[in-house]
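Structure, as structure tokens:
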Amino acid sequence: MVLEMSKHVDRKLRQPIVVVLGHVDHGKTTLLDKIRGTAVVKKEAGEMTQHVGASMVPSSVIEKVAMPLKKIIPFKLEIPGLLFIDTPGHELFSNLRKRGGSVADIAILVIDINEGVKPQTIESIDVLKARNVPFVIAANKIDKIQGWKPYPDEPIISSLKKQSRAVVNKLETLLYNLIAQLSSYGVNAEYFERVRDFMKVVPIVPVSAKTGEGIPELLAILAGITQRFLAERLRFAEGPAKGVVLEVKEQQGYGAALDVIIYDGVLRERDNIVVAGFNGPIVTKVRAILMPKPLTDIRIARTELQIVEEVAAAAGVRVIAPGIEEAIAGSPFFVVPNENEIEKYKRLVMEEVETIRFRRDIDGVIVKADTLGTLEAIILALNRKSIPIRIADVGPLTKRDVIEASIVAKNNKYYGVILLFNVKALPDAEELARKENIKIFSNNIIYKLIDDYINWIESEKMMELRREFESIVPPAKIKILPGYIFRRSDPAIVGVSILGGIIRPGMPLMRSDGRSIGEIQQIQYMGQTLREAKTGQEVAISIKGNVIVGRHIKEDDILYSDIPLSHVKILVSKFKNILDETSLTVLKEIIKIKSLKEPEYAAFLMQL
Ligand code: GDP
């Protein structure tokens, strides 16, 4: 393994910020709990492990748990530890946004090894690639492999030495399949011990979040990769703090508070800060910085916060400042080094935000989301599907948004819709949408929100097609059944067998020599009136028009639907792929018959 780090470090390195992503139920939360638990149990006295919204795993802990790996993974840690973001999943990840990238330095992509790649795994790969964040794969739940003997908290390589041949083989197979699956999604991954170049190949560490096996390797590899390959990014600047707002909260006794991840510099009490607000940039002064009191047991549910005077990157902190009620989650958080530069920083913040919140005068959907990060993620996803956007904004759905959607709907009903992520519609907006018949999609999972919308477009288009199909004369071929002449004329009523296609009331009929013989008035089966009948059915039909059985038609005659030229044109251009094999054959027969008298029909034969 090539994990030893560069020898010369001029300035201190800060803790890399680590996020956990992956499909639901693959074990993200369990893995984070396990890692945090390890940090609390193994830390040394005085080491801070808790931040607001994040947890620190000190290097002393990583070195301790990776001790048995010393021979295999020779490195000395120069980073002070790893800072894990407490909330897993891509909604939060998307709020760790920073222009052109992410505040997260590295990610763990959790995949249940028994299940493999799932929709949110793919989505995670997409967002990690879009933000250029390196990642390692935790192939989780290895303890579920049949016959697995747990060796709690041991490195995977030592546990594997003690597993049976069958278990090792099974793990190999699962890994092999996972690697193949990942490669089809453009990820070049490999079992970590076989990785030579960590810049090019994504290492897979088999783990059990339940038993803790493999956690030592996972931590060692995260630390190794970050300090070896990301040292430049992790060089700690002692300048003004830069961060990102993860959440806007209420803090008892203080009012509004911001949960911020600081990724560079130092934040101090009384610093001037700029963040983005719903109605423009907010400039204010830090009144207090809060951090959790050191704990001995992570399982204590309620964490008390205490005031600290300053905090250095990387850190998760709660910031109290006046006037921040309107701050937007996902916004950049900048300390302004001196008062003359306030305008410059306001511009910086707004420039960054305006690429995500926009209004355009085009036919496109209306998107409202709760945070800048989720909004940006939805924009990316819609872009990938080439769906145009008219309004992208944060906050609840307003009447004005609905008016915009109804303007679009007049031109394009598929784009005149509203997509809501984790925000509500104001009552008057909802009422207007109902009145204007504007469709609102709302879901708290991005891919589902977009899937719902796309499925709706498809089903609407399908319905339109069906309506159109119902308005034209479809191909049909029927045979008059011998012994089933119920009435000779006015109207003639006969029993027929449908040899192919669909018959409907109102359908004009012709004989196989092309002679027209009136239209179907009614279809009946066992005393019931039917709206249509299909291939294989035997029904009674009454025929409107001057038709007399025995003179115009007789038993065993074959009749066809008499399709007008304009309808043939539509059938060939729009429904060719929807018609079944027999209907297509019948259509060809009809065209042949019709073209005897009307040669224009013949041209369509070639297109079938
Ligand atoms: P998340 O949705 O990705 O956060 O998944 P969770 O951490 O909530 O885990 C989903 C389920 O899988 C829970 O019932 C966990 O107890 C279980 N689970 C997670 N990791 C493991 C593991 O390594 N082994 C086993 N056997 N179960 C696990």
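Start at 1 and go down the list; that is how both ligands and their atoms are numbered.
- Inspection of the D86 and S55 side chains reveals an N or O donor paired with an N or O acceptor under 3.5 Å.
- Of all the atoms in ligand 1, the ones that sit under 4.0 Å from a non-hydrogen atom of K210 are 22 (C), 23 (O), 24 (N), 25 (C), 26 (N), 27 (N).
- Of the N and O atoms on the side chains of D33 and T30, not one donor lies less than 3.5 Å from an acceptor on the other residue.
- Side-chain contact of N444 with N422: a donor-acceptor pair under 3.5 Å is present, judged by distance alone.
- The shortest N or O to N or O distance between K144 and ligand 1 is not below 3.5 Å.
- At the shortest separation from atom 12 (O) of ligand 1 among protein heavy atoms lies K141 NZ, 3.0 Å.
- For atom 2 (O) of ligand 1, the closest heavy atom belonging to the protein is D25 N, 2.7 Å.
- Residues forming a side chain to side chain donor-acceptor pair (under 3.5 Å) with D105 (at least two apart in sequence, or on another chain): R14, R233.
- Under 3.5 Å, the side chains of H90 and E123 contain a donor-acceptor pair of N or O atoms.
- Considering both main-chain and side-chain atoms, G27 comes within under 3.5 Å of ligand 1 through a nitrogen or oxygen pair.
- Checked by atom type, the side-chain pair S124/T121 shows no donor-acceptor distance below 3.5 Å.
- Cation-pi check for K242 over F333 is not met; the charged atom does not lie both under 6.0 angstrom from the ring centroid and within 45 degrees of its normal.
- Between the side chains of S159 and E213, at least one donor N or O lies within less than 3.5 Å of an accepting N or O.
- For atom 19 (C) of ligand 1, the nearest protein heavy atom lies closer than 4.0 Å.
- Considering backbone and side-chain N/O of A209, one or more are found under 3.5 Å from N/O of ligand 1.
- Protein heavy atoms are found less than 4.0 angstrom from atom 6 (P) of ligand 1.
- For atom 4 (O) of ligand 1, the nearest non-hydrogen atom of the protein is T29 OG1, 2.5 Å.
- Closest to atom 16 (O) of ligand 1 among all protein heavy atoms lies T30 OG1, 4.2 Å.
- Heavy-atom contacts of H23 reach the following atoms of ligand 1: 3 (O) (cutoff under 4.0 Å).
- Nearest protein heavy-atom contact of atom 24 (N) of ligand 1 is D143 OD1, 2.7 Å.
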